[in-house]
Each structure stands twice: as C-alpha cells, then as structure tokens.
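Just passing along the structure, written as structure tokens.
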Amino acid sequence: MNQPLTDLVLDAGIAATLCRDMPDSDLHSALESCCAQGVRLWLYAGEIANTLSRIEAAIKRTEATQIASALSARQRLDQQLPAFQWLAALSGDMECADDPEPLAAALVQAAKRLGDSARILTSVRSRLDRGMPFMDLESVPALTPQVRVDFIDLKAQQDRIRAALESGIHRVLHHGRYVMGDEIGTLESRLAQITEVEHCICVSSGTDALLMALLALEVGPGDEIITSPFSFFATAEVIALLGANPVYVDIDPATFNIDAAKIEVAVTGHTRGILPVNLYGQCAEMDEINAIGQRHSLPVIEDAAQSFGATYRGRASCALSDIACTSFFPAKPLGAYGDGGACFTSDAELAARLRQIRDHGQDRRYHHVRLGVNGRLDTLQATVLLAKLDVFDNEINRRQEAAQRYAEQLSSLEREGKLVLPIVQSHNTSSWAQYTVRVKGRDEVQRALASAGIPTAVHYPVTLYQQPALIQTEANCPEGDRAADEVLSLPMHPYLGDEAQARVSDVLADVLARPMLDST
Ligand SMILES: *Cc1c(COP(=O)(O)O)cnc(C)c1O
C-alpha cells in the first residue's frame, strides 16, 4: 500500500525554480496543497550553498536590476516558501562518498531520517533515475484536504524549536558531560525562577521525584500517606514501595481532585504526610490542605506531574507545598524526549537531602550519608527542556484557548445533559494537561470516536485501590469510582487548530446522539 506523503524535501534546483516562477505556477500550487495537507517542506542543509547560489542565479536571470545578493536569495526563499525548514546535514550523510553523485546520495540519507514516507522533489534527470525517494513534480499526489486530529502533537512543537534543539543537543554531544552537565544547573535555575521556588532539583522521572520526596521526608514502613484514589498509579506506588500505606480520601466530583473537606477525618496517629494530586492540570485546594498539614504537623507533597504551568490563587503550581514533584514525561505539558522530572522546595534542608538522595545519598564523592537512588536527569534531556521552555508560556496560552474553544463547541451538548465539561475554579488556571469530559457509556463512546478517527484516552479507568498491586478491599471512594467509569480525555495540545476541534466536537455530538448509548 502507498504510504501517505508526510515530508517533502526540495532539492536546490526545485528551490531555485520556485524562486523564479510566478506565484501561480504548477509548482507553487502543488506545494501549497501539500502544506494545506500538513505535509512538511524541507530544504537540505547539506545543499545550502548550492541552493542559495542557484536561487541567486535564477533571480538574476529574471530581474532587470541584476543586483541580487546572497542575502536577497535568502529573503526570496523566505518569501516564496514561508513554511520550509532546514533538514540538518549530519556527518553520516557523506559516508557514500564513492557514489558518483555524493550529494544525491547524501540527500537520500537525510530524507530517510524523516521516515519512509518522505520524498525528495527534483527535476534533475540523474536523481530521478535513482528512483525513490526522488520524484518529480508530476508525481506529487493530488492531495485532498482533510483534517487530521492527533491526541497530542509533538511534531508541530518540534518544528518550532528545531534550531535551538539541534544546537543544544550537539553542544552536549561535544562537551561530553552527559551526567550533571552545566545544562542541569541552568535548567534548575530557570525552573526555580519561573515557579518562584527557592530550590529546584531535576531528577530522572516524575515517579522518582515522588519517591525521592518521600525518602527526604523519611517516610517508611507502617506510615500512612493521605492521597487521592483517582490518579496515575505512580502516586500510590511510591508510597507502597517504601512500605507505607496509601490512605485514600475521595475526590471532589467537580474538579477530580482530593476533597479537602474530607481529609482531616482520615488523619491518624500513623499519618506522615498528605499527597494531593493536581489532576488534568488544575491544582487541588492547597490552602485548605496546607492548613490541615500545619494543624497536624504533616508535610504536604504536591503531585504536580500534570500541572506545571498552572496557577493557584496567583501562585505557580510547584510552589504550593513543602515539596512539589513534576514530570517531564514527553506527553506532559512540559515534556522532554524521554523520562525526567523535578522536585521543588523552598526548604534548604529538604533541598540538600533531595540532592543527596538523587546521587546515592552522597554529600561528597564516595561519601554516602544516607541511602538514595540513581535519580539524576540526563544533560541531554535538560537541553531539550531548555529549548522547550522558550515556547512554554505561549503553549500554555494556546492550551487555554483550545480549552475555551471546546467549552464553546460542546456547551450545547452539556445543556442537553449528554456530557459534563471540565470546570476550572475561578482562583485557578489550568495547564490543561488533559481536557477531560464525563460521559455515560464511556467505553462505547470511546470506541465510536476511534472508528471515526478521533483518538481519545481514559485517565484513569480504575481507582488506585482497585489495582491488583495496591488492592484495598475496604477502601471506599464512590466519587473516584464514578469518575473512573465516566471520564474521557479528548485530543488536547497547543497546536490543536479550530478545524480539528470542530471535527472532534461534531463527531462527538453525532456519537452522543445515537440511541443505543441511552440504555447504558
Ligand atoms: C505522569 C504522572 C506521574 C509519573 O511521572 P513519570 O515521569 O511518568 O514517572 C505521577 N503522577 C501523575 C499524576 C502523573 O500524571
């Protein structure tokens, strides 16, 4: 079967033709239709000199002034092809130096990195004779516009920050300090500054951040930690790993977060901490929770894995408790290209302990004052996160705009009682890690959406005390259980356009109108 075209590399000759032709040429319209379809256009950096000089020559031939410079070639390119990106030339591209046309071979190597469905557009006979992935203008498929909906979209983000990413990654490659390189400290300072917390300690994952927070607070066997039953497994897993017991307090059905009014009755002589989770990107009722912590001398640990970028009463998530833990898993609002996380605290003593725990309990080299873990963030992930921070505020705004659009598009379904939209309390702003609605007959709705090409997810299908590894038959959180039956997360990311959302909303309305679902 033919794979759909996703990426089109234009060789130097095509770029020159494009800069010479009138904007109504066949080439222009073919490329425009590709762009409208989401095909990404690339120029190969290995051909950069060739490309610019060919464009310069093409301009000279067509323009009377004859004063085209290299700069004007570059400007012309931006004008004619606003959506293109440079495809990096890597050292391996020149490994086929014995090829009679090494540049053509290098183009093939580079295009391969974009995946099997990438093609190279050329009008050079010898290149076309090599066959795929080279192709000529006539072979560009006539593409009919269709709206693609991704659950998350990390490609659009990558296109935006490619230059910073590539230079950061290559800098680390060359300086060689892959563990605890300078980028870690730079990232920690920036994260501390953004959240207005004294200390940020970057670690290997969100799960490890939670584990290390509990280790720093010396939680151990027989201790009880009060937490939410409606979260990702890791929240309770780390408690149980240390031999402590998760004590579940039911959620507030409006926000899906732990119901602060129900926490105090759960405090016992064994309670050693309170661990609220900021689900879907909205903070829990931290003032109430901190007040309970203070009354009972219990530390509060914020599971902020989903809420980096959110605010609570004007303060940043991660600045709201004794220790906050976030995750840089790729799908989180601030995601790396692998695992990562961070602990935040304004307590210098806790910060020092966390730094030791991250590094096998060392206070200096080969001197271990406590038991810790290998919980360091990679320098490479830190450099990825630094590049992503440059666009992060804008991405949070875009997520908020997308949530607003969903609210508008789906409000009539809510009025008809067909679904329940997420609520963000007036003192909160959400980082919109997920846009999660409640529907009856959720599994059936999800299947119907999937068959119409709308990806969704369920966060989370069962409460934590029903997980085999954490089973507590006596736990009883009816709101948590009801949420687990009803929640459905819709596509949500900063690059979700109006059209894609309208499609999600239309299909959802259509699915919810089907009578078979009424009986569930
Ligand atoms: C993702 C997540 C975690 C775990 O983070 P990782 O980086 O995947 O280890 C913990 N708690 C919640 C609420 C999460 O969403």
Side-chain angles (χ1 to χ4, degrees), residues 151-152 154 187 191 200-215 225-242 246 248-249 251 255-258 273-284 286 289 300-310 312 317-318 320-321 323-344 357-358 373-378 381-382 384-385 388 399 422 430-436 457-465 467 469-470 480 483-484 487 489 492-493:
F151 189 71
I152 60 166
L154 297 174
L187 176 64
L191 295 174
C200 169
I201 300 97
C202 284
V203 302
S204 40
S205 71
T207 305
D208 289 343
L210 289 165
L211 180 66
M212 292 162 66
L214 296 183
L215 282 169
I225 301 290
I226 293 173
T227 192
S228 168
F230 192 55
S231 179
F232 178 58
F233 185 69
T235 308
E237 180 184 32
V238 294
I239 299 171
L241 261 179
L242 295 176
Y248 300 106
V249 166
I251 58 166
T255 62
F256 301 99
N257 286 332
I258 194 167
I274 309 171
L275 174 39
V277 181
N278 303 331
L279 208 68
Y280 307 145
Q282 171 167 224
C283 293
M286 295 307 293
I289 295 168
V300 176
I301 308 114
E302 197 190 339
D303 183 340
Q306 301 183 9
S307 61
F308 189 82
Y312 169 82
S317 171
C318 295
L320 307 172
S321 62
I323 305 178
C325 303
T326 197
S327 165
F328 303 132
F329 182 75
K332 304 287 160 124
L334 178 61
Y337 288 149
D339 284 305
C343 292
F344 295 81
I357 291 166
R358 168 170 74 179
V373 293
N374 174 351
R376 299 172 300 246
L377 181 74
D378 291 352
Q381 296 306 339
V384 169
L385 289 164
K388 292 200 183 194
R399 284 178 188 270
S430 179
S431 61
W432 293 107
Q434 305 297 343
Y435 189 90
T436 305
V458 174
H459 306 99
Y460 297 90
V462 293
T463 43
L464 295 175
Y465 54 77
Q467 288 289 354
L470 289 169
V487 291
S489 302
M492 170 51 90
H493 58 79

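None of these values were measured; they are calculated from a predicted model. In listed order, ligands and their atoms are each counted from 1.
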For the pair Phe230 and Tyr280, name the ring-plane relationship: parallel under 30°, tilted 30 to 60°, perpendicular over 60°. perpendicular
List of N/O pairs, ligand 1 versus protein, all under 3.5 Å?
residue  : atom   : partner : partner atom : Å
ligand 1 : 5 (O)  : Ser327  : OG           : 3.4
ligand 1 : 7 (O)  : Gly206  : N            : 2.7
ligand 1 : 7 (O)  : Ser327  : OG           : 2.6
ligand 1 : 9 (O)  : Gly206  : N            : 3.4
ligand 1 : 9 (O)  : Thr207  : N            : 2.8
ligand 1 : 9 (O)  : Thr207  : OG1          : 2.5
ligand 1 : 11 (N) : Asp303  : OD1          : 3.3
ligand 1 : 11 (N) : Asp303  : OD2          : 2.8
ligand 1 : 15 (O) : Gln306  : NE2          : 2.8
ligand 1 : 15 (O) : Lys332  : NZ           : 2.7

Using a 4.5 Å cut-off on heavy atoms from C-beta on, say whether the side chain of Phe151 contacts that of Gln434. yes
For the side chain to side chain contact (heavy atoms under 4.5 Å, CB included) test, which of Leu275, Thr326, Asn278, Ile323 pairs with Glu302? Asn278
Hey, does Ile239 have a side-chain heavy atom less than 4.5 Å from the side chain of Thr227? yes
Would you call Leu377 and Leu385 a side-chain contact if the rule is heavy atoms closer than 4.5 Å? yes
Which donor-acceptor pairs under 3.5 Å do side chains of residues 330-338 form with protein atoms, sequence neighbours excluded?
residue : atom : partner : partner atom : Å
Tyr337  : OH   : Gln158  : NE2          : 3.1

